[in-house]
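Throughout, a chain's letter reflects where its sequence line sits, starting with A, and its residues are numbered from 1.
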2 protein chains.
Amino acid sequence: MSGVEDSLRILRSKGYRVTQPRKLVLKVLERAEGPVSPYDIQKILQQEGERLNHVTIYRILDLFCLLNLAHKVLLCGGFVKCALGKREGCHRFMVCRQCGALREFADKALCEEESAIARDFGFVAEHHFSEFFGLCSNCNS
Amino acid sequence: MSGVEDSLRILRSKGYRVTQPRKLVLKVLERAEGPVSPYDIQKILQQEGERLNHVTIYRILDLFCLLNLAHKVLLCGGFVKCALGKREGCHRFMVCRQCGALREFADKALCEEESAIARDFGFVAEHHFSEFFGLCSNCNS
DNA sequence: GTCTTAATGCAATAATATTGCATTATTGCC
DNA sequence: GGCAATAATGCAATATTATTGCATTAAGAC
Ligand SMILES: [Mn+2]
Ligand SMILES: [Mn+2]
Ligand SMILES: [Zn+2]
Ligand SMILES: [Zn+2]
């Protein structure tokens with residue numbers, strides 16, 4: 001569940017078309033160091049001589065998020081390519097405040113604990129979002 | 001750490017002025033059922049015959065967040081009045097997808113576990129954000 | 001290649017956010 | 001209470017981000 005090819009496979013398997021714009025956005029997400037906004041993506045592509053309408057980029061990102069091929073990072077509003085498989089539970093992020101590095105992770109135990117906390121309030125948690133902000137291994141040593 | 005008065009006290013104690021606009025925004029946050037955006041706040045006040053410039057509202061919300069008198073709910077972009085004290089650790093939310101009800105909570109154990117997870121990746125987590133999305137006690141029965 | 005239609009592009013518009021500077025109102029002090 | 005200092009606000013202009021409807025294009029099936 002990582003490379004661009006996998007994502008294209010998933011698109012196809014769900015009946016979505018594999019289009020040039022979708023491939024371009026996927027490539028940008030793949031190579032991006034950190035989260036990128038729709039307009040970031042447009043600029044990056046422009047620098048490579050490619051042109052995409054921003055509306056198209058919005059719609060593509062919507063779809064990718066729907067299919068869990070990408071995620072919106074709530075802390076910054078940017079988008080990242082999903083790096084994990086489907087079986088691992090909720091996908092979350094650690095973001096380095098120094099270098100911007102972003103790491104996706106998943107943790108079943110954390111999901112459990114969060115569901116339990118919610119239950120204590122009579123709340124049924126269907127989705128768990130969490131993001132950590134701090135210093136990555138490179139920046140804290 | 002709840003009423004409007006407490007917030008005003010904190011403002012004063014940190015050397016900020018207690019102004020009419022700040023009181024108005026606090027009142028709106030206090031009464032709001034769920035998260036409200038800057039423009040929501042402006043509209044609500046308008047309906048009560050009060051007028052506030054949106055720039056002012058943005059600046060006030062920035063300040064409130066800085067002082068932890070309010071929080072931005074990442075899932076929806078709206079703002080809520082902080083309902084908890086300072087000692088309880090990270091402040092988090094459960095949002096009902098049905099009625100929009102929002103509940104702030106804090107959980108030391110969760111903080112611990114999250115820090116441990118981060119540590120396993122060599123990451124030093126300074127802030128933890130999390131939000132649950134699901135059904136509140138009213139809506140899931 | 002042709003056909004079908006999902007996907008894209010475009011134009012217009014809406015909504016949200018930011019900046020610099022003039023004006024106002026809060027606070028501390030007399 | 002009045003006055004001065006200045007933090008806070010309002011305003012205008014602008015920038016950025018997001019959404020909608022419809023015409024056009026190109027992906028996939030045959
Ligand atoms: Mn993921
Ligand atoms: Mn709080
Ligand atoms: Zn780093
Ligand atoms: Zn509910």
Are there any protein N/O atoms within less than 3.5 Å of an N/O atom in nucleotides 14-17 of chain D, and if so, which ones and at what distance?
none

Validation: residues 134-141 of chain A side-chain donor-acceptor distances under 3.5 Å, sequence neighbours left out:
from: A:Asn140; atom 1: ND2; to: A:Leu135; atom 2: O; distance (Å): 3.3
from: A:Asn140; atom 1: ND2; to: A:Cys136; atom 2: O; distance (Å): 2.8
from: A:Asn140; atom 1: ND2; to: B:Gly122; atom 2: O; distance (Å): 2.8
from: A:Ser141; atom 1: OG; to: A:Ser137; atom 2: O; distance (Å): 3.1
from: A:Ser141; atom 1: OG; to: A:Asn138; atom 2: O; distance (Å): 3.4

Side-chain donor-acceptor contacts of residues 41-50 of chain B below 3.5 Å, not counting sequence neighbours, with atom names and distances?
from: B:Gln42; atom 1: NE2; to: B:Leu52; atom 2: O; distance (Å): 2.8
from: B:Glu48; atom 1: OE1; to: B:Arg31; atom 2: NH2; distance (Å): 3.4
from: B:Glu48; atom 1: OE2; to: B:Arg31; atom 2: NH2; distance (Å): 2.7

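Nearest-nucleotide assignment on DNA chain C puts the 5′-proximal partner with B:His54, out of B:His54 and B:Val18. Both B:Thr56 and A:Pro38 lie close to DNA chain D; mapped to their nearest nucleotides by heavy-atom distance, the more 5′-ward contact belongs to B:Thr56.
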*With ring pair (Phe, Tyr, Trp, His ring centres under 6.0 Å) as the test, would you mind laying out the steps for A:Phe79 and A:Phe64 before giving the verdict?*
CA-CA 10 Å; A:Phe79 293 82; A:Phe64 285 0; 9.8 Å; no
*Please report the C-alpha distance between B:Arg92 and B:Glu114 in whole Å, then the side-chain angles of each, then the deciding distance to 0.1 Å, and finally whether the salt bridge (Lys or Arg N to Asp or Glu O under 4.0 Å) criterion is met.*
CA-CA 13 Å; B:Arg92 310 154 189 266; B:Glu114 290 182 344; 3.1 Å; yes
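Applying the 3.5 Å distance criterion, the base of D:dA7 shares a donor-acceptor pair with the side chain of B:Arg17.
The closest donor-acceptor contact from the side chain of A:His91 to the backbone of A:Gly89 lies under 3.5 Å. With A:Glu88 contributing its side chain and A:Gly85 its backbone, the two residues share a donor-acceptor pair below 3.5 Å. With hydrogens and angles ignored, the 3.5 Å screen pairs a side-chain donor or acceptor of A:Arg22 with a backbone N or O of A:Arg17. A:Asp62 places no side-chain N or O within 3.5 Å of a backbone atom of A:Arg59 that could act as its donor or acceptor partner.
As rounded to whole Å, 13 Å separates atom C1' of D:dA27 from atom CD1 of A:Ile60. Between B:Leu63 atom CG and D:dA7 atom C1' there is a gap of 11 Å when expressed in whole angstrom units. Atom CG in B:Leu66 sits roughly 16 Å away from atom P in D:dA7 (whole-Å rounding). Whole-Å rounding puts the A:Arg12 CZ to D:dG28 P distance at 6 Å.
Among the heavy atoms of the strands lying under 4.0 Å from B:Arg22 are primed sugar atoms or P, OP1, OP2 only; no base atom is included. When heavy atoms are screened at a 4.0 angstrom cut-off, A:Val55 is found touching base atoms of the nucleic acid.
Under the side-chain contact (heavy atoms from CB on, under 4.5 Å) rule, A:Leu69 has a single partner from A:Ile60, A:Leu8, A:Ile10, which is A:Ile10.
The other residues sharing a hydrophobic cluster with A:Phe129 are A:Val73, A:Leu74, A:Leu75, A:Val80, A:Phe93, A:Val95, A:Leu102, A:Phe133, B:Val73, B:Leu74, B:Leu75, B:Val80, B:Phe93, B:Val95, B:Leu102, B:Phe129, B:Phe133, where clustering joins ILVMFWY side chains under 4.5 Å apart.
For the residue pair A:His127/B:Glu131, the side-chain donor-acceptor check at 3.5 Å is not satisfied.
Using a 4.0 Å cutoff to heavy atoms of chain B, the contacted part of DNA chain C runs 5' to 3' from C:dT16 to C:dT27.
Inter-axis angle, ends of the helix from C:dG1-D:dC30 to C:dC30-D:dG1, five pairs per end, rounded to 10 degrees: 50°.
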